[in-house]
Amino acid sequence: MKGILGLLAVLLLATPVMAADIKNVRIWLAPDHTRLVFDLSGPVKHNIFSLENPDRLVVDMDDSRLQANLDRLGIQNSPISNIRQSRQADGTQRIVLDLNSKIEPRSFTLAPNAQYGHRLVLDLQKTEADTPAPAIIKEPAQVPGTPLVLRDIVVAIDAGHGGEDPGALGPGGLREKDVVIAIAKEVYRRLESTPGYKPVMVRKSDYYVSLRGRTKLAREHNADLFVSIHADAFKDSRANGASVWVISDRGATGEVGRWLAQKENSADAIGGVVSLDDKDEVLAGVLLDMSMTFSMEGSRQVADRVHKNIGKFARMHKPFVEQAGFVVLKSPGIPSILVETGFISNPDEARKLKSRKYQSQMAAAIAEGIKDYFWHRPPAMTHLAHRKNGGQLAALSGRTHKVSRGDTLSVIAARNGVSLSALRAANGLSSDKIRIGQVLKIPSS
Ligand SMILES: [Zn+2]
């Protein structure tokens, strides 16, 4: 063991001195953090530390030189009030961020990939006190005798990519991340204006959310459905057509499916996520098996409807819903679909996807598919389920009474201020016979 450590030390010392230019700096504002990304000409050794009174964060990069202009970085609405830089005598490039609120810093480097070269990522995480607590909504427990609590149907709308990850690139600099957030926002507006629905945007603007972060957010909101929206590229620009996908554990249907799943699943590497936890992966696999059958059926039913709707105005890649191993669809228990709104790599489709009209047509097809599905399968205790029941329960006060020893129908009626006949009618009773433990609906008086 000692020998190995010794060898490692020697190897580390033997690493050649790294020198890098900082060529460009980007900033992304997310609700819970601000991300700074430094594009580097090569690998760099760095160090960060915080200073107080006033709050500052210092980033030192060994043997480097800033070649980018920091003045044009849009730091408004970020925790950074000012950026300064200086170069030390030993060649260290120092960057000082003056901060206007408390943050927890995190930094890591990323190796080059197809989209970017070497990067240094600096995350300024809002501290607990500054971050609004996620809205964790518990299924309301129905206690007999208390008002009936109905809830809205929660739909998590996931616009693919964002921030560091532009997604697929189309002609004329068209970026997938911009097209899909426009469509996602329109789906949001449509559901929000529909009574009984509570849509949630997974990412609200131009920042990256990890694939795991996306499904986690859906779970935190107790989503009834997860819809991921994309507009992808294929190596062959002739490839065209929209498609709707559900998860597959047994590989993808066809070459395009394999290609797309591989591309979507590598988004974390581009968006700036270090690595997935292996243990997490195994656990996820187990959970997945347990609850997948339940959510698979729902996923298919929504996917079929959305597929049919889009097919009314767009060319479809296949005449049926396709399957592939998209990480983002692996949300145990939550029906999940992924909509590829078209191939941004196809000039004709790129032109359509860019237009407001086509985007809103696409959004309508998705939103209507979702609504149609939930109308046929409304989750229990939702406003929609009760509306579907002909408003019977809506006409009730929402109260119930559990019959206990000694109760008579007339006493229950009197105690609740309703007439005996109304109480009979609300419960479909032809006589005044009731039994202990029976739960009676109390009509509104
Ligand atoms: Zn995509």
Side-chain angles (χ1 to χ4, degrees), residues 28 113-116 156-171 173-187 201-215 217-218 226-237 239-248 252-273 276 303 306-307 310 314 316-318 321-331 336-347 349-350 352-354 358-359 362-363 365-366:
W28 305 107
N113 58 37
Q115 220 119 11
Y116 295 108
I157 306 166
D158 173 44
H161 314 277
E164 263 303 271
D165 174 17
L169 301 172
L174 188 62
R175 300 181 300 189
E176 176 183 3
K177 68 173 183 178
D178 301 325
V179 169
V180 297
I181 196 134
I183 297 171
K185 281 181 174 171
E186 180 70 27
V187 174
M201 289 288 280
V202 170
R203 71 169 170 99
K204 297 181 173 71
S205 57
D206 196 6
Y207 53 88
Y208 189 73
V209 180
S210 71
L211 297 177
R212 283 302 167 78
R214 291 170 197 253
T215 53
L217 198 132
F226 180 88
V227 185
S228 194
I229 303 173
H230 291 258
D232 267 282
F234 192 55
K235 51 194 169 182
D236 182 348
S237 69
N240 68 92
S243 50
V244 183
W245 301 78
V246 294
I247 192 74
S248 157
T253 47
E255 190 198 1
V256 171
R258 273 190 297 278
W259 166 272
L260 289 179
Q262 184 256 319
K263 277 194 67 149
E264 300 302 6
N265 294 347
S266 66
D268 276 353
I270 302 159
V273 176
L276 290 174
V306 171
H307 187 280
I310 299 175
M316 299 309 286
H317 178 249
K318 289 273 168 64
V321 168
E322 297 175 73
Q323 279 185 279
F326 293 105
V327 167
V328 85
L329 297 185
K330 292 182 183 176
S331 259
S336 304
I337 67 167
L338 188 143
V339 183
E340 290 283 0
T341 54
F343 284 96
I344 212 168
S345 49
N346 178 281
E349 269 179 10
K352 284 187 198 158
L353 286 165
K354 212 165 104 176
Y358 198 77
Q359 288 173 358
M362 194 57 79
I366 295 169

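Read the numbers this way: they start at 1 and go in the same order the structure lists the ligands and their atoms.
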Quiz item: side chain to side chain contact (heavy atoms under 4.5 Å, CB included) between Val202 and Phe226: does it pass, once the steps are laid out?
Solution: CA-CA 9 Å; Val202 170; Phe226 180 88; 4.1 Å; yes
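- A search for side chain to side chain donor-acceptor pair (under 3.5 Å) contacts involving Asp158 returns Arg214, Ser228, not counting sequence neighbours.
- By the criterion of a separation under 2.8 Å, the protein N/O/S atoms near the Zn ion (ligand 1) amount to His161 NE2, Glu176 OE2, His230 ND1, Asp232 OD2, Glu264 OE1, Glu264 OE2.
- Within a 6.0 Å radius of NZ in Lys352, other residues, nucleotides and ligands contribute more than 12 heavy atoms.
- The side chain to side chain donor-acceptor pair (under 3.5 Å) search around Glu340 returns none, not counting sequence neighbours.
- Applying the ring-ring contact (aromatic ring centres under 6.0 Å, His included) rule to Tyr116 yields no partners; only residues at least two apart in sequence or on another chain are considered.
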Quiz item: After noting the C-alpha distance and the side-chain angles of Ile310 and Val339, does the key distance pass the side chain to side chain contact (heavy atoms under 4.5 Å, CB included) rule?
Solution: CA-CA 10 Å; Ile310 299 175; Val339 183; 3.7 Å; yes
